[in-house]
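Below: one structure, written as structure tokens.
Each chain gets a letter, A, B and so on, in the order its sequence line appears, and its residues count up from 1. Just so we're clear, the structure is a prediction, and the values are computed from it rather than from any experiment. Both backbone and side-chain heavy atoms feed into the values below; hydrogens, waters and symmetry mates do not.
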Protein chains: 2
Amino acid sequence: MTTEPLSRARIVTAAIDLIEREGADAVSMRRIAAELGVGVMSLYNHVPNKDALLNGVAEAVLSEIEFTDDPDADWTDRVRTQARAFRQIAHHYPRCTMLVVSRQLSSAAGLLPVERALATLRSAGFDGPDAVRVVRLFIAFIVGSLLREVGVTPTFAPVHHRHLAGAEAVDPALFPEVSALAPLLGACDHDAEFEFGVELLIQAITVLHAREEGAR
Amino acid sequence: MTTEPLSRARIVTAAIDLIEREGADAVSMRRIAAELGVGVMSLYNHVPNKDALLNGVAEAVLSEIEFTDDPDADWTDRVRTQARAFRQIAHHYPRCTMLVVSRQLSSAAGLLPVERALATLRSAGFDGPDAVRVVRLFIAFIVGSLLREVGVTPTFAPVHHRHLAGAEAVDPALFPEVSALAPLLGACDHDAEFEFGVELLIQAITVLHAREEGAR
DNA sequence: AGGGGGGACGTACACCGTACGTACCCTTTC
DNA sequence: GAAAGGGTACGTACGGTGTACGTCCCCCCT
């Protein structure tokens, strides 16, 4: 049996697999070591501590985003594409999403998406401050969307037909709107919801863009 | 000494205090018990387990949002006000924000904000599906903003002048835009950033609103 | 007065992250 | 060839965690 040498990369991918298979709570150094058929303390030869390992996981996931940027396309299309690319994480690594979103990584992995977004906006004619503002707006929207999609943020979905028609659903007297719109709130087409948000944002920054062009 | 009887409420507020004082990592059943001058296992007479306790914390924080809704105001003003009210949590309980945002609570506490938002939008003339979409859009934006504000989400701030002018900052060859805009990325006026986003979103849904009115 | 239920508490267990010491192997140097 | 050195794997051990379980005591109700 060719037991290839332990390495940071192997540890990180083992952690990712474990998280996707059993959830973030299942992650422990012992568990990962067992997964790799290795002593617990051997991990520490390649990773300073658990926290750094989780940062590694976040970076690895983040750096798998495929940015196929076509510089000739319309800037709105490029923005659309980049936003969708970012959202891919939630599909490829649903249970790692929380991790990616909830640790700030000062490494290069985290900077690439920003670089691309800024380049797109700058080349479209936005000035520096506006480009930064718009990027932050998009990131906030995408992060919030991913969290909802991953099932973690308050979807604020009502009790969602707890199994049967649990009569204890929502008190229509206290929450008239919520209970009236319960069917809509209970279901969520994440794709459609995301696209709606992206289009709305793009349209909004388009008028910002027009204003800048006009002022020029 | 009038040692008032242990209660779920007392436990939850002790947890909130502890989190705000020492951060979420400091929370342990033993720690909270010590804080209350009480045996560890006594807590379990009022709270089924730690997870439920943290849910209680999230609900308590969430339910402290002050919604002073003026039904006579312009609907855009009401939306603005509600968005800002939600953001207040980040200021009152900065270190609890992550908790509020990262657990889905199916209790009534989580439904109130949605109820208010839906009511505002419906009374402004949005139909059901659009109202739900818009609420979700706003929640995504606000959640994402709060996470950034609380310092947890990838601000994607570059190395932020690590102490001195650390020459290892950002490679301008790899990240030209990021390094060019580093001063802007390094600083973030959260208030301004939030207002920018809210105004842009409101403006965007205003045209959606106009379209609906026109079709009527 | 007696009985019963609920709250407070101590002990115990399985698991966690990781500091530290040890044994091995592989490479480099004489 | 031998010796020396460094990096890797590993076991043990410590202080911490959540919580299951059993015991005690007090208060209230009959």
Side-chain angles (χ1 to χ4, degrees), chain A residues 1-60 95-96 98-100 102-105 152, chain B residues 1-60 95-96 98-100 102-105 152:
Chain A
M1 75 178 198
T2 68
T3 163
E4 68 184 301
L6 205 50
S7 74
R8 181 185 160 101
R10 251 166 49 89
I11 296 176
V12 167
T13 61
I16 294 181
D17 288 353
L18 183 58
I19 293 178
E20 287 305 323
R21 207 158 3 98
E22 307 194 20
D25 289 347
V27 176
S28 82
M29 299 305 266
R30 285 167 164 82
R31 195 78 171 67
I32 294 175
E35 212 79 14
L36 289 167
V38 128
V40 194
M41 293 317 287
S42 309
L43 302 179
Y44 286 88
N45 286 324
H46 307 263
V47 162
N49 54 47
K50 185 182 180 182
D51 216 58
L53 194 164
L54 294 182
N55 279 338
V57 168
E59 285 173 27
R95 313 182 80 165
C96 287
M98 187 64 190
L99 232 70
V100 175
S102 70
R103 359 197 93 232
Q104 73 238 64
L105 10 158
V152 85
Chain B
M1 69 177 199
T2 70
T3 161
E4 68 184 302
L6 206 48
S7 74
R8 182 184 158 100
R10 248 164 54 86
I11 296 176
V12 167
T13 61
I16 294 182
D17 289 352
L18 182 58
I19 293 177
E20 287 306 322
R21 205 155 9 95
E22 305 194 20
D25 288 347
V27 175
S28 82
M29 298 306 265
R30 285 166 165 79
R31 196 77 172 66
I32 294 175
E35 212 78 14
L36 289 165
V38 129
V40 193
M41 293 317 287
S42 308
L43 303 178
Y44 286 89
N45 287 322
H46 305 94
V47 163
N49 53 48
K50 185 182 181 181
D51 216 58
L53 193 163
L54 294 181
N55 279 338
V57 168
E59 287 174 25
R95 312 181 83 162
C96 288
M98 186 63 189
L99 230 67
V100 176
S102 71
R103 3 197 93 229
Q104 75 237 61
L105 9 157
V152 86

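- Counting to the nearest Å, the P atom of dT17(D) and the CG atom of Leu54(B) are 14 Å from each other.
- Note: CG (Asn49(A)) to P (dG17(C)) measures 11 Å, nearest angstrom.
- In this structure, the CE atom of Met29(A) is 14 Å from the P atom of dC10(D), given to the nearest Å.
- His46(B) has no side-chain polar atom (N or O) that falls below the 4.0 Å cut-off from OP1 or OP2 of dG6(C).
- Remark: Ser42(B) is not in phosphate contact with dG7(C), judged by side-chain N or O atoms under 4.0 Å from OP1 or OP2.
- Atom CG of Leu43(B) and atom C1' of dC9(C) are 11 Å apart (whole Å).
- In this structure, OH of Tyr44(A) is placed 14 Å from C1' of dC10(D), rounded to the nearest angstrom.
- Val38(B) comes within contact range of the sugar-phosphate backbone alone, with a heavy-atom separation under 4.0 Å but no base atom that close.
- Taking CG from Leu43(B) and CG from Leu36(B), the interatomic distance works out to 7.0 Å, rounded to the nearest 0.5 Å.
- In this structure, the nucleotide among dT18(C), dC21(D), dG18(D) sitting nearest to the side chain of Met41(B) is dC21(D).
- Annotation: the span from Glu20(A) atom CD to Ile16(A) atom CD1 amounts to 8.0 Å, rounded to 0.5 Å.
- Ala26(A) approaches Leu18(A) most closely through the heavy-atom pair O-CD2, 3.9 Å.
- In this entry the distance linking CG of Asn45(B) with P of dG10(C) reads 13 Å, nearest Å.
- The structure places CZ of Arg31(B) at 12.0 Å from CD1 of Ile19(B), a figure rounded to the nearest 0.5 Å.
- In this structure, CG of Leu53(A) is placed 12 Å from C1' of dG17(C), rounded to the nearest angstrom.
- One N or O donor and one acceptor, one from the side chain of Arg30(B) and one from the base of dG18(D), sit under 3.5 Å apart.
- In this entry the distance linking CD1 of Ile32(B) with C1' of dG18(D) reads 12 Å, nearest Å.
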